[in-house]
Amino acid sequence: MFENKERTDINELGEFGLIKHLTTNFKIKNDYSVKGVGDDAAVLDARGKQTLISTDLLLEGIHFDLAYVPLMHLGYKAVQVNLSDIYAMNGKASQITVSLGLSSKFPLEAVEEIYKGIELACNKYNIDLIGGDTSSSKQGLVVSITSIGYADADKVVYRNGAQEHDLLCVSGDLGGAYLGLQILEREKLIYLENPQIQPDLEGKDYIIERQLKPEARMDIVALLDEMNIKPTAMIDVSDGLASEILHLAEQSDKGMTIYEEKIPLDPMTYETARELGIDPTVCALSGGEDYELLFTISQDDYKKLKHDVDITVIGHVTDKNSGCKMVSKSNNVHELKAQGWNAFKK
């Protein structure tokens, strides 16, 4: 994508020159995108559908650590975090805007790496880059992405539609991203103490990838559509399973009960948690950054997805007064509490 091999100061290009340089290879793929980068504003055609818009902000030192996060992976992940919100509305993502705050330590070549990851995500998920902004930053790297998508009005799924006796389902497996982060943090500390020691990530590929290169679940939205299932409520698992269940329950004015034995855990997640002395279930409940989809469906739809290996029924919706609970493997009942990511926690 980019040919530069030396260190190039961004000031040599200027803001508009930088944007033009970074976005030259991005081509329009969607009919919804009338005009992308290159004018005062992008032009989109909703074609009679509901427009879905979501924004996320990623800050160096808060959301990512460049000691172990490659810039290309950061660009890719920043897009996935945003697309996941569109898919959580049962929509199809079509466009993104990208805004960067850059400190003087970042040469052009570093920014190109970020855009390589963004381009990879756009190509894989058929997304158009249609605009954004760049600015200097005294606080390190800032990445802000806005995602735009569409859905028919009768297909949009909100958080507030869960009904009593609905089944609570989740895609994929949980807890891996959190444990990947723990391994990366461990190896960083070892390196800081002795730079001669090489990181030991052998056998941890899956959970490291879950942290550094997550995949938004566009495929689950397509699968549910093929099965003719419209979830009654849905959210993406960004802050931990417990937190997301509480969001659905609060918005729907219902209670929810899940079963510990039903929570999907990858064997590597389970084994790594045990190695680190962490309860694997706690990793799933409070870890976050899995970007799986958590949704409720009518019991009538269960027969349509019961054989799908990538969707697990983990519980059911109850009346509001029953609260949100987890039945443990030993058949004890525990109240669910949100102990995952807090954006304002110091």
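Looking at Lys77 and Glu289, a side-chain N of the basic residue comes within less than 4.0 Å of a carboxylate O on the acidic one, giving a salt bridge. The residues Glu275 and Lys204 are annotated as salt-bridged, a charged nitrogen and a carboxylate oxygen being separated by less than 4.0 angstrom. With respect to Lys254 and Asp319, no salt bridge is recorded, no charged nitrogen being found less than 4.0 Å from a carboxylate O. Taking the charged nitrogens against the carboxylate oxygens, Glu119 and Lys116 have no contact shorter than 4.0 Å, which rules out a salt bridge.
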message = side-chain contact (heavy atoms from CB on, under 4.5 Å), that's the test. Do Phe106 and Ser103 meet it? Break it down for me.
response = CA-CA 6 Å; Phe106 291 98; Ser103 67; 3.4 Å; yes

ask   = Where do Leu192 and Lys188 land on the side-chain contact (heavy atoms from CB on, under 4.5 Å) test, with the steps shown first?
value = CA-CA 6 Å; Leu192 290 175; Lys188 174 190 172 183; 4.0 Å; yes

task = List the steps and the verdict of side-chain contact (heavy atoms from CB on, under 4.5 Å) for Leu167 and Thr296.
result = CA-CA 5 Å; Leu167 301 177; Thr296 53; over 6 Å; no

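Residues passing the salt bridge (Lys or Arg N to Asp or Glu O under 4.0 Å) test with Asp310, sequence neighbours excluded: Arg217. Residues forming a side-chain contact (heavy atoms from CB on, under 4.5 Å) with Lys262 (at least two apart in sequence, or on another chain): Tyr259, Ile314. When the side-chain contact (heavy atoms from CB on, under 4.5 Å) test is applied to Leu246, the partners found at least two apart in sequence or on another chain are Cys324, Ala338.
Applying the 6.0 Å contact sphere to CG of Asn331 captures no more than 12 heavy atoms from other residues, nucleotides or ligands. When the shell of 6.0 Å around CG of Asn194 is examined, it contains more than 12 heavy atoms from other residues, nucleotides or ligands.
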Just distance, no hydrogens or angles: give the donor-acceptor pairs under 3.5 Å from side chains in residues 175-184, sequence neighbours left out.
from, atom 1, to, atom 2, distance (Å)
Gln182, NE2, Tyr178, O, 3.4

Taking only distance into account, with no hydrogens and no angle test, what donor-acceptor pairs under 3.5 Å do side-chain atoms of residues 137-145 form with protein atoms, sequence neighbours excluded?
from, atom 1, to, atom 2, distance (Å)
Ser137, OG, Gln139, N, 3.1
Ser137, OG, Gly140, O, 2.7

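Rounding to the nearest 0.5 Å places CD1 of Ile96 at 7.0 Å from CG of Leu83. Lys329 NZ to Met326 CE: the interatomic distance, rounded to the nearest 0.5 Å, is 9.0 Å. Arg274 CZ to Asp279 CG: the interatomic distance, rounded to the nearest 0.5 Å, is 5.5 Å. Taken from CG in Leu265 to SG in Cys283, the straight-line distance is 8.5 Å, to the nearest 0.5 Å. For the atom pair Leu224 CG and Lys155 NZ, the distance stands at 11.0 Å (nearest 0.5 Å). Here the CG-CG distance, from Leu74 to Leu66, works out to 6.5 Å after rounding to the nearest 0.5 Å.
In this structure, a donor-acceptor pair under 3.5 Å is absent between the side chains of Asp173 and Tyr270. A donor-acceptor contact closer than 3.5 angstrom links the side chains of Glu292 and Ser171. Under 3.5 Å, the side chains of Asp85 and Ser54 contain a donor-acceptor pair of N or O atoms.
For residues 158-168, every residue pair satisfying the side-chain hydrogen bond (donor to acceptor under 3.5 Å, both in side chains) rule, not counting sequence neighbours, is listed here: Asp166-Thr232.
The cationic group of Lys213 lies under 6.0 Å from the six-membered ring centre of Tyr76 and within 45° of the ring axis, placing it in a cation-pi geometry.
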